[in-house]
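What follows is one structure encoded as structure tokens, with my remarks underneath.
Starting from 1, each residue takes its place in the sequence as its number. The basis for the numbers below is simple: all heavy atoms, side chains too, and nothing from hydrogens, waters or symmetry mates. Numbering of ligands and ligand atoms starts at 1, following listing order.
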Amino acid sequence: MNKQTQTACIFGGTGFLGRYIVQKLAREGVRIKIATRTPQSAYFLRPYGDVGQIVPVMCDYSQASIENMIEGCDMVVNCVGILYEKGKNSFKKIHTDLPSTIAKACRKHNVARFTHISALGVNSAGSKYAKSKLKGEEKVLSHFEKATILRPSVVFGAEDEFFNRFAAMMRFLPFLPLIGGDKPVMQPVYVNDVAQAVHNVVFGDEVHQGRVYSLAGPEKMGFARIYGIIFEATNRWRPLVRLPFWLAKIQAFFLQLLPGAPLLTVDQVRSLQTPNILQEGQLSLTDLGITPTGHALIVPQYLKIFAKGQRGIDSAHSANA
Ligand SMILES: NC(=O)c1ccc[n+]([C@@H]2O[C@H](COP(=O)([O-])OP(=O)(O)OC[C@H]3O[C@@H](n4cnc5c(N)ncnc54)[C@H](OP(=O)(O)O)[C@@H]3O)[C@@H](O)[C@H]2O)c1
């Protein structure tokens, strides 16, 4: 089928992962609808395609609005997700009910391919986040059995909220917390690899449909290793202080009461108690024809803005001192 006549709808296309997915799919020439709560926040995506190829469309996430997005689309990708609950945005609403409604609409409107982004470890972690994601997967597959579920580990890339966040924290903290000592372990995966996985599911063989893929990078690492990578990239150093899970939960309890995005929540500490790594027998990036990219050539590129002596960071910091 001619790709130029096909339409993809991407929920959450303005997000960190979403923008890379938009870029990958746009290169194939398909028309792309970006379902967003604020269309003006999606204008930056338009240069990824030809004139008129990428269209931000207002979605208020009511059933009618979701159906309106999906009607006439050949493929749908859902990458809406939250890291913490706030106000009306509960994990149940965003990770369970919303994917369920999208999946039902995909079935009703005969969408050919539906890709849903979940998260690695949801089948074993005890956090509310993981449980809501797992329930969401079950709902998706019950309404649209050909859906493909992708479960990334922590995602890294220029706009990530992971390496960037720790590097930013280093500027004002005298030490860095080793939450749970050396117990938490994860396998950070490169954002471009996750987007390529979506691309390969959307345009690749039918065999990927109805399957669950666990997307992980080439290296398993704990916090000490993660901080080491940041120290090397920024030429800065901070002592590491072990923080048992119970103490981290107490701190998180108070941090999550502060206004704005919480630095840490009790539920996130709970997530860290289960390994976030690829398990034996799970389908992975290599089953999608992708060799996982390591952090070595990527992370130092975008962390250099935090390096010692960088203008803008140190000067702003010292101006506030
Ligand atoms: N980043 C990671 O390390 C990571 C790891 C594992 C799994 N994941 C999963 O991958 C998916 C994409 O993650 P991401 O990091 O790209 O997320 P993100 O940057 O926060 O983007 C999520 C997008 O969802 C949309 N959205 C719709 N309703 C929302 C609501 N009520 N609250 C917040 N956002 C809402 C937003 O788009 P509009 O504002 O335009 O509506 C937003 O751009 C999520 O399902 C996430 O759970 C991410």
query: For ligand 1, what are the residues with a heavy-atom contact below 4.0 Å?
result: Gly12, Thr14, Gly15, Phe16, Leu17, Thr36, Arg37, Tyr61, Cys79, Val80, Gly81, Ile82, Asn89, Ile94, Ile117, Ser118, Ala119, Tyr129, Lys133, Pro152, Ser153, Val154, Val155

message: Less than 6.0 angstrom separating the ring centers of Phe156 and Tyr302, yes or no?
response: no

task: For the residue pair Phe11 and Tyr61, categorise the inter-ring angle as parallel (less than 30°), tilted (30 to 60°) or perpendicular (more than 60°).
output: tilted

- prompt: Side chains of Ile32 and Thr7: closer than 4.5 Å at any heavy-atom pair?
  reply: no

query: Hey, do the aromatic rings of Phe163 and His295 have their centres closer than 6.0 Å?
result: no

Using a 3.5 Å cut-off and no angle test, enumerate the donor-acceptor pairs between side-chain atoms of residues 173-188 and protein atoms at least two apart in sequence or in another chain.
from: Gln187; atom 1: OE1; to: Leu278; atom 2: N; distance (Å): 2.9
from: Gln187; atom 1: NE2; to: Gly217; atom 2: O; distance (Å): 3.0

task: Look at the aromatic rings of Tyr48 and Phe44 and report parallel, tilted or perpendicular, splitting at 30° and 60°.
output: perpendicular

